[in-house]
Visitor: 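Sharing a structure below in structure tokens format, with a few things to ask.
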Amino acid sequence: EVQLVESGGGSVQPGGSLRLSCAVSGITVTSNYFSWVRQAPGKGLEWVSIIYRSGSKYYADSVKGRFSISREDSDNTLHLHMNSLRAEDSAVYYCVRDQWYYLDRSGYYAFDHWGQGILVTVSS
Amino acid sequence: DIQMTQSPSSLAASVGDRVSITCRASQSLYNSLNWYQQKPGRAPKLLIYAASTLNSGVPSRFSGVGSGTHFTLTISSLQPEDFATYYCQQSYDTPRRTFGQGTKVEI
């Protein structure tokens, strides 16, 4: 059974830093794509960052230069390092597996497994 | 960046109703469109990928159609457990995975 369990959330002051972790079981972090998705209170879903099997990393413009995604292969864990945090970064952060499907000679991606989410609050 | 627009933002329906939600993209996605269901306090759940393929375990009352820039999620007979917020997501513009703003289905 695939499980994604986030940790490391909490309250931090503006300008501060936080590191989120996602413990993965049932699959390996090196064989899959993973993203972080966030949801501000009462708002919709926002894709934040992705790490490919190759180790390539990409970020939403809203977090580029401040957030960094990484993985620890030995622990089968993902991380999201968040620096220079702002009030607008307050959200529930989800770790998700980005699954690739092959249909009718074409490939498609979708988030098929989600963690339970972890709350980050940025406030003075 | 590809913009995703869902309509309506919310709707009220009764058990047994047929409900449809529309998602429009600012440029063609071909079939790279996913639908998710989210209940309060829970993580989203994948319902449909590639515009019309039901994810494993999803009831057949859910269906998706569309291609290009216009997509529709339909629930053929609304059940009590279907009251939730539904999101579309494009997966054409990789690595970005833009979501629509959501549609809340209420009683």
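Throughout, protein chains are lettered first and strands after them, A, B, ... in sequence-line order, and every chain is numbered starting at 1.
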Visitor: So what's closer than 4.5 Å to chain A heavy atoms on B:P44: side chain, backbone, both or neither?
Guide: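 Both parts, backbone and side chain.
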Visitor: Sort B:Y30 into side chain, backbone, both or neither according to what part of it lies under 4.5 angstrom from a heavy atom of chain A.
Guide: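 Neither the backbone nor the side chain of B:Y30 comes within 4.5 Å of chain A.
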Visitor: Counting only non-hydrogen atoms closer than 4.5 Å, can you tell me which residues of residues 94-117 of chain A sit against chain B?
Guide: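 Listed by number: A:Y94, A:D98, A:Y101, A:L103, A:Y108, A:Y109, A:A110, A:F111, A:D112, A:W114, A:G115.
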Visitor: Determine whether A:L45 and B:R97 make a side-chain contact, defined as any pair of heavy atoms from C-beta on separated by less than 4.5 Å.
Guide: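 A:L45 does not reach B:R97 side chain to side chain.
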Visitor: Quick check on the interface: out of B:G100, B:A43, B:A51, who has the most heavy-atom pairs with chain A under 4.5 Å?
Guide: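 Of the candidates given, the most pairs with chain A belong to B:A43.
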Visitor: Group every Ile, Leu, Val, Met, Phe, Trp and Tyr by side-chain heavy-atom contacts under 4.5 Å, then state whether B:W35 and B:V105 land in the same group.
Guide: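 Result: yes, single cluster for both.
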Visitor: What part of B:N31 is in contact with chain A, defined as an atom under 4.5 angstrom from a non-hydrogen atom: side chain, backbone, both or neither?
Guide: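 The answer is both parts of B:N31.
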Visitor: Treating Ile, Leu, Val, Met, Phe, Trp and Tyr as nodes and any side-chain heavy-atom pair under 4.5 angstrom as an edge, say whether B:F71 and B:I48 lie in one connected cluster.
Guide: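 Both belong to a single hydrophobic cluster.
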Visitor: Taking the side chain as every heavy atom from C-beta outward, state whether A:Q39 and B:F99 have any pair of such atoms under 4.5 Å apart.
Guide: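 With C-beta onward as the side chain, the pair stays apart.
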Visitor: Decide whether B:L46 and B:L54 are clustered together by the hydrophobic rule: side chain heavy atoms of Ile, Leu, Val, Met, Phe, Trp, Tyr closer than 4.5 Å, transitively.
Guide: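 They do not share one cluster, since no chain of ILVMFWY contacts under 4.5 Å joins B:L46 to B:L54.
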Visitor: Are B:V19 and B:Y87 linked, directly or through other ILVMFWY residues, by side chains that come within less than 4.5 angstrom of each other?
Guide: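 No, no single cluster joins them.
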Visitor: Can you tell me which of B:G41, B:S91, B:G102, B:S56 forms the most heavy-atom pairs within a distance under 4.5 Å of chain A?
Guide: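 Most heavy-atom pairs within the cutoff with chain A belong to B:S91.
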Visitor: Is the CZ atom of B:R61 crowded by more than 12 outside heavy atoms at less than 6.0 Å?
Guide: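 Atom CZ in B:R61 is crowded, with more than 12 foreign heavy atoms closer than 6.0 Å.
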Visitor: For A:W47 and B:P95, which heavy atoms make the closest approach, and how far apart are they?
Guide: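 Nearest pair, atom of A:W47 first, then B:P95: CZ2-O, 3.7 Å.
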Visitor: Decide yes or no for A:Y58 and B:R96: does some side-chain heavy atom of the first lie under 4.5 Å from some side-chain heavy atom of the second?
Guide: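 In short, these two side chains do not touch, never coming nearer than 4.5 Å.
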Visitor: Under 4.5 Å between side-chain heavy atoms, counting indirect links through other Ile/Leu/Val/Met/Phe/Trp/Tyr residues: same cluster for A:V48 and A:V92 or not?
Guide: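 No, A:V48 does not connect to A:V92 through the hydrophobic network.
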Visitor: Please classify the contact of B:T85 with chain A as side chain, backbone, both or neither, using a heavy-atom distance under 4.5 Å.
Guide: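 Contact with chain A involves no heavy atom of B:T85 at all.
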